[in-house]
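Start at 1 with the first residue, then count along the sequence. In this text, all values refer to a predicted model and were calculated from it rather than measured experimentally.
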Amino acid sequence: MRDLRDTYDVAVVGAGPAGLAAAANCARAGLMTVLFDEQASLGGQIYRAITATPVKRDTIFGADYWSGAKLVRDFLASGAQYVPSATVWSLTREREIGVSVAGLARIVRAEQVILATGALERPFPAPGWTLPGVMTVGAAQILLKSSGLVPRGRTVLAGCGPLLWLLAWQYLNAGLCIDAILDTTPRLSRAMAIRHAPDFVLSPYLAKGLRLLLTVRRRVRVIGNVVELRIEGRTHVESVVYRTTAGTEQRLPVDTVFLHQGIVPNVNLAMAVGIEHHWDEMQLCWTPVLDAAGNSGIPGIAVAGDGAGIAGAEAAQARGEIAGLAAVKTLRPGALGRVGPDETTVRARLKRVMRGRAFLDAYYQPMSQFRRPIGNTIVCRCEEVTARQIIDTVALGCDGPNQMKAFLRCGMGACQGRLCGLTVTELIAHARGVAPQATGYYRIRPPVKPITVAELAQLPKNESALRSVARS
C-alpha cells in the first residue's frame, strides 16, 4: 500500500475486459491511472487467471478466452498502476475510494472513477440448492480456469443461458463425461426471440453458438422443456428430480449439480454511491442509468462493461474503451490522439458485437418459477430466510426489500444481498402485484464488501493524519 498515491487522475475498479481497456486508454494519454481488482491476477471473470492458469491446452477454453491475453499485454504496457487482491469497499460522490489490500485500508481520491465491476450469476433458488455438491456454473468455470479442476462422478448441469453451454463444451474438451443437461429454456421465450432473429442471423454469435450447441448435443444427453427442479440429499446432493412439460417426474442420481440461469450486472458498488438504476424488463435485473459514454448522473463517475448491462466480452471491452476515451476527453483532451482507436471506430465495433444481443436476452429469459421460489426454499442463504417467510412478511405490510431487512435480516449477511437481492425484489413485487421498479432494491451502504474493524481503525481520523498517510 506504500506505493499508492493519495490522488489519481483516474481510478478503475475491476480488471475484466472493460476495466483493462479503460485503464489502458487513460494511461496511454498520460493520465495518472490506477486499477484496483479483487483477484490476484488480471482478466476478470471472462479471462480469469489468463496469465496464471495451469490449463495450457488452448483447445479446452477456446480461442475467445485466449484472445484476452492481448488485452492484458496492452494494459501492462500502458503504464497504469495495477493493484491486485484489492477490496474496494466504499465509494463516495466526491470520488473517495475505500480500498483494503493485505489487511491494510486506505482512502484514495480520483478525478474520474470508472466502475468495471462486471457481472454476477443470477440466483437460482431451487429446493436443495444449498446442499454440498451443488454449485453454480460460474463457480465451476472459475475452478477450471484458475486451478484446472473438474468434478468427479456423476455430473449434471441444469438451467439455461450461454454460459451453461460454454461450460459443458469446455468440460467435454477437458475429457469430462457429463451425465445430462437439464434445459430450462422456456418455450415462450423461444417464441419471443423470433422477432429478434434477423439481427441475430447477422451477428457474430450465430456461427459460434451453433457450433458449440451442436457439439454438446451430439455428446451429452440433453433433456429439454424442464419446468420443475429440486435437488435431494441428506448430507450432500444425491439426486436431482425434474419434471418436463410432458408431466412426468424423473429422478437422476448425481454427485455434482451445476446450476445456472444467466448473469446480471454487479450493481452493489454503483448503487452504494447513489447511481440511479432502473429495472430492465428484458434482462430482468437492475441496470444503471448512463449516457452514451457510460457516465452516470454523478459527476466524474462512470460505469463500463457488464456492470452497465449484460452484453458479453467484446462489448464490455468496447464500452471500457469508450469510458476511457470520455475520461481523457474530460481531463486531457489534447492527448486523445495518443490513445488508439478513435471513438467512432470503437462505437462501430460495439454496434457490431451488440447485434443479436436482444435475441439471446429473449431466448434465455428464465422462467418465473425458477426466479420466484415457493415454500421452504431458501432465498437468503446468509440468514437462511425462506420464500414462505418473505411472502408472509409482505402480508404483514412489508412493501420493499429495505423494510424486509428489519423483519428478516434478508440481505444483511456477508454477501450484502448479491445472492438474494433480485429474488427478494421479484417475490415482493409479485406478492404486492406491482412492478419490480416500484418495489426497489436493497439500500446498499458501505462497506459493500466485508472488512474488519481493525482495517477501519487504521484509516486517518483527521486531515492532518490523512496527509501523513499520503506522504507515506
Side-chain angles (χ1 to χ4, degrees), residues 14-21 23-24 35-78 80 82-86 116 118-121 133 135-157 161-179 181 204-205 207-220 255-256 258 260 263 305-306 312-317 320 353:
L20 291 170
L35 173 63
F36 296 112
D37 190 63
E38 201 167 34
Q39 303 305 319
S41 60
L42 294 163
Q45 299 294 349
I46 295 174
Y47 302 129
R48 179 179 281 266
I50 195 164
T51 61
T53 179
V55 181
K56 301 305 179 184
R57 283 171 49 199
D58 57 7
T59 55
I60 291 180
F61 296 138
D64 285 350
Y65 172 78
W66 292 108
S67 68
K70 181 182 184 304
L71 190 58
V72 169
R73 289 194 300 271
D74 289 347
F75 165 77
L76 292 173
S78 71
Y82 167 49
V83 185
S85 303
L120 299 168
E121 282 187 270
M135 298 174 62
T136 67
V137 162
Q141 196 180 58
I142 287 172
L143 290 174
L144 179 60
K145 289 177 177 178
S146 61
S147 304
L149 295 178
V150 296
R152 293 181 179 177
R154 299 161 298 187
T155 302
V156 169
L157 278 64
L163 184 59
L164 180 143
W165 297 97
L166 176 61
L167 178 71
W169 180 77
Q170 291 171 340
Y171 270 173
L172 293 174
N173 293 341
L176 182 72
C177 177
I178 300 171
D179 290 75
I181 293 176
Y205 300 112
K208 289 191 293 187
L210 282 177
R211 284 196 300 270
L212 187 149
L213 284 172
L214 290 173
T215 299
V216 173
R217 286 182 173 276
R218 279 198 300 263
R219 299 172 60 184
V220 180
D255 297 296
T256 309
F258 295 113
H260 183 73
I263 60 175
D306 278 344
E314 292 180 86
Q317 179 179 339
V353 297

Excluding sequence neighbours, so at least two apart, what forms side chain to side chain contact (heavy atoms under 4.5 Å, CB included) with A69?
I50, R73
Taking the side chain as every heavy atom from C-beta outward, state whether H260 and L157 have any pair of such atoms under 4.5 Å apart.
no
Could you check L163 against L166 for side chain to side chain contact (heavy atoms under 4.5 Å, CB included), going step by step and ending with a plain yes or no?
CA-CA 5 Å; L163 184 59; L166 176 61; 4.2 Å; yes
Identify all side-chain donor-acceptor contacts of residues 169-179 below 3.5 Å with residues at least two apart in sequence or on another chain.
{"unit_1": "Q170", "atom_1": "OE1", "unit_2": "Q141", "atom_2": "NE2", "d": "2.9"}
{"unit_1": "Q170", "atom_1": "NE2", "unit_2": "F61", "atom_2": "O", "d": "3.4"}
{"unit_1": "N173", "atom_1": "ND2", "unit_2": "T59", "atom_2": "O", "d": "3.0"}
{"unit_1": "N173", "atom_1": "ND2", "unit_2": "I60", "atom_2": "O", "d": "3.2"}
{"unit_1": "N173", "atom_1": "ND2", "unit_2": "W169", "atom_2": "O", "d": "3.4"}
{"unit_1": "D179", "atom_1": "OD1", "unit_2": "T155", "atom_2": "N", "d": "2.9"}

If you look at every heavy atom in P151 and T256, which pair is closest and at what distance?
CB-OG1, 4.0 Å
Closest approach of P17 to G43 (non-hydrogen atoms, all atoms of both residues):
CD-O, 4.2 Å
May I have the step-by-step check of side chain to side chain contact (heavy atoms under 4.5 Å, CB included) for I142 and Q45, ending in yes or no?
CA-CA 8 Å; I142 287 172; Q45 299 294 349; 3.5 Å; yes
Sequence neighbours left out, what passes side-chain hydrogen bond (donor to acceptor under 3.5 Å, both in side chains) with R154? Give chain and number order.
D255
P162 side chain near Y205 side chain, heavy-atom distance below 4.5 Å
no
Smallest heavy-atom separation, A139 atom then E121 atom, equals N-OE1, 3.7 Å
Within the structure provided, determine whether T215 and L212 are in side-chain contact (heavy-atom separation under 4.5 Å).
no
Which atoms form the tightest heavy-atom contact between L213 and W165, and what is the distance?
CD2-CD2, 3.4 Å
In chain order, what residues pass the side chain to side chain contact (heavy atoms under 4.5 Å, CB included) check against R152, with sequence neighbours excluded?
none
Pairs touching residues 47-67 that satisfy salt bridge (charged side-chain N to carboxylate O under 4.0 Å, His left out), sequence neighbours left out:
D64-K208
Check step by step if side chain to side chain contact (heavy atoms under 4.5 Å, CB included) holds for Y82 and L42.
CA-CA 9 Å; Y82 167 49; L42 294 163; 3.3 Å; yes
Test item: S147 side-chain N/O and L149 main-chain N/O as donor-acceptor pair under 3.5 Å:
no
I263 CD1 to I46 CD1 distance, which is reported to the nearest 0.5 Å:
6.5 Å
Is a side-chain N or O of E314 found less than 3.5 angstrom from the main chain of V353, in a donor-acceptor match?
no
Under the side chain to side chain contact (heavy atoms under 4.5 Å, CB included) test, residues paired with S85 that sit two or more places apart
A40
Closest non-hydrogen atom pair, M135 against A140:
CE-N, 4.2 Å
Minimum heavy-atom distance between A80 and A23, given as atom pair plus value
CB-O, 4.2 Å
Do L20 and L35 have side-chain heavy atoms sitting under 4.5 Å apart?
yes
